Enquirer: 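What follows is a single structure, and I will ask about it in a moment.
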Amino acid sequence: VQAFTVRKLGALSFTRVLRGPLFFQPAPPDIHAIALKQIKRAFPMRRLNWSTVMPEVAPSPAWQTASESRGLHRIMDGYETAWIDLRKSEKALRSGLKQKWRNQLAKAEAAGLSVEETDKVDWLLDHYDRQRRQRRYTGPSGKLLAALPVEGMLALRARWQGNTAAGVLFVRHGFDATYQVGWTGDAGRDLNAHNLLLWQGLLHLKKAGVRFLDMGGIDAAALPGIAHFKQGLGGEAFHCAGVYL
């Protein structure tokens with residue numbers, strides 16, 4: 001398990017466990033609840049220390065019973081995303097796209113955009129940081145993402161008439177990957193360059209042996225446009241049961 005602690009004013013501390021702990025074998029809800037209770041003991045709730053946990057557990061009656069029996073109190077919704085099964089054939093993946101998304105992809109393919117893989121990500125992370133500040137959404141900083149090992153990344157760039165039109169960054173973890181960063185300029189938006197990059201990214205990851213792609217979180221309330229776009233790839237919805245004290 002990994003815990004993140006932030007200190008405020010030198011005395012207050014806030015500790016979060018996100019999507020953990022991880023188990024070597026599938027664990028039933030009661031084992032998850034026992035493990036979370038043990039983790040909470042490592043970060044006791046005191047007047048100046050606040051700790052929360054968000055397990056990688058889907059909501060179910062069994063989980064609700066197990067969490068309540070261990071004194072875990074749900075305070076907010078958990079992480080929501082969509083998973084794409086890259087073990088499917090390319091034909092099946094394409095047919096699984098929503099109609100509008102597939103039409104936009106076809107438009108991008110016909111536009112003459114070029115797509116290249118790159119190990120240079122500074123330009124993309126700069127765009128990402130500016131966009132993150134403008135839209136005021138939370139997420140890892142570009143500086144943190146730049147510290148990740150290059151061999152664990154897949155970065156793609158779309159070019160139009162010699163200029164960069166869009167870019168995406170995927171982060172690999174084991175046999176799976178997460179769609180981490182996406183940016184599109186004005187020309188890229190007009191040409192649906194982002195559709196092309198995501199589709200090409202899926203195929204690159206599939207060829208590299210990646211089994212599942214996490215679309216990097218879906219927040220329909222705060223970012224409805226981005227959520228709708230990600231859902232267009234036809235992945236299977238998943239959300240964690242919640243955040244607990």
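Note that this is a predicted model, so its numbers are computed, not measured.
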Enquirer: Test of understanding: clusters of I, L, V, M, F, W, Y form through side-chain heavy atoms closer than 4.5 Å, transitively. Do Leu97 and Leu203 belong to the same one?
Expert: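 Cluster IDs for Leu97 and Leu203 match.
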
Enquirer: Within a strict 4.5 Å, meaning less than it, do heavy atoms of the Met215 and Leu233 side chains meet?
Expert: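 Met215 reaches Leu233 side chain to side chain.
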
Enquirer: Between His204 and Gln200 (side chain of the first, backbone of the second, donor and acceptor by atom type, cut-off under 3.5 Å), is there such a pair?
Expert: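 Checked: pair present.
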
Enquirer: When you compare the side chain of Phe43 with that of Trp50, does any pair of heavy atoms fall below 4.5 Å?
Expert: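 Counting from C-beta outward, Trp50 and Phe43 never come under 4.5 Å.
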
Enquirer: Identify the two heavy atoms, one from Leu245 and one from Ser51, that lie closest to each other, and give their separation to 0.1 Å.
Expert: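 Here Leu245 and Ser51 meet closest at CD2-O, 3.5 Å.
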
Enquirer: What distance do Ile226 atom CD1 and Gln231 atom CD have between them, rounded to the nearest 0.5 Å?
Expert: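 Rounded to the nearest 0.5 Å, the CD1-CD separation comes to 12.0 Å.
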
Enquirer: Which atoms form the tightest heavy-atom contact between Asn192 and Ala108, and what is the distance?
Expert: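 It is O-CB, 3.2 Å.
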
Enquirer: How are the rings of Tyr244 and Trp63 set relative to one another: parallel (under 30°), tilted (30 to 60°) or perpendicular (over 60°)?
Expert: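 It falls in the perpendicular class, over 60°.
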
Enquirer: In Å, rounded to the nearest 0.5 Å, how long is the span from OG1 of Thr178 to CH2 of Trp83?
Expert: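 Thr178 OG1 to Trp83 CH2: 6.0 Å, rounded to 0.5 Å.
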
Enquirer: Can you name the nearest heavy-atom pair linking Tyr79 to Gly216, along with the distance?
Expert: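 Looking at all heavy atoms of both residues, the shortest contact is OH-C, 3.2 Å.
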
Enquirer: State, yes or no, whether a side-chain contact exists between Val168 and Tyr179 at a heavy-atom distance under 4.5 Å.
Expert: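 They are in side-chain contact.
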
Enquirer: Between atom CH2 of Trp199 and atom CD of Gln104, what is the distance when rounded to the nearest 0.5 Å?
Expert: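 That separation rounds to 14.5 Å.
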
Enquirer: Grab the two heavy atoms, one from Cys240 and one from Met54, that are nearest each other, plus how far apart they are.
Expert: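 Shortest heavy-atom contact: CB-CG, 4.2 Å.
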
Enquirer: List the steps, then state whether side chain to side chain contact (heavy atoms under 4.5 Å, CB included) holds for Arg211 with Leu86.
Expert: CA-CA 5 Å; Arg211 302 174 303 181; Leu86 299 182; 5.9 Å; no

Enquirer: For the residue pair Trp183 and His127, categorise the inter-ring angle as parallel (less than 30°), tilted (30 to 60°) or perpendicular (more than 60°).
Expert: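 Parallel: the ring planes of Trp183 and His127 meet at under 30°.
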
Enquirer: Roughly how far apart are Leu197 CG and Leu105 CG, rounded to 0.5 Å?
Expert: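 It comes to 10.5 Å.
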
Enquirer: Donor-acceptor pair, Arg172 side chain versus Leu205 backbone, under 3.5 Å?
Expert: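 Absent.
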
Enquirer: Might you work through the side chain to side chain contact (heavy atoms under 4.5 Å, CB included) test for Met153 and Leu169, ending with a clear yes or no?
Expert: CA-CA 7 Å; Met153 297 182 182; Leu169 174 67; 3.8 Å; yes

Enquirer: Under 3.5 Å, side chain of Asp129 to main-chain N/O of Gly142, donor-acceptor pair present?
Expert: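 A pair under 3.5 Å: yes.
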
Enquirer: Judged by atom type as modelled, is there a donor-acceptor pair below 3.5 Å linking the side chain of Lys37 to the main-chain atoms of Leu72?
Expert: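 No, the answer is negative, given that no donor and acceptor are paired below the 3.5 Å cut-off.
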
Enquirer: Distance check, rounded to the nearest 0.5 Å: Asp85 atom CG versus Glu236 atom CD?
Expert: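 Rounded to the nearest 0.5 Å, the CG-CD separation comes to 8.5 Å.
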
Enquirer: What closest approach, in Å, do Leu154 and Gly201 show between heavy atoms, and which atom pair accounts for it?
Expert: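 The answer is CD2-O, 4.0 Å.
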
Enquirer: Considering all heavy atoms of both residues, which atom of Arg94 and which atom of Arg102 are nearest to each other, and what is their separation?
Expert: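 Looks like O-NH1, 3.2 Å.
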
Enquirer: Short question: side chain of Lys206, backbone of Lys88 - any donor-acceptor pair under 3.5 Å?
Expert: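 Judged by distance alone, yes, a pair lies under 3.5 Å.
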
Enquirer: Have Arg41 and Gln38 got a donor and an acceptor in their side chains that come within less than 3.5 Å?
Expert: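 Side chains of Arg41 and Gln38: no pair found under 3.5 Å.
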
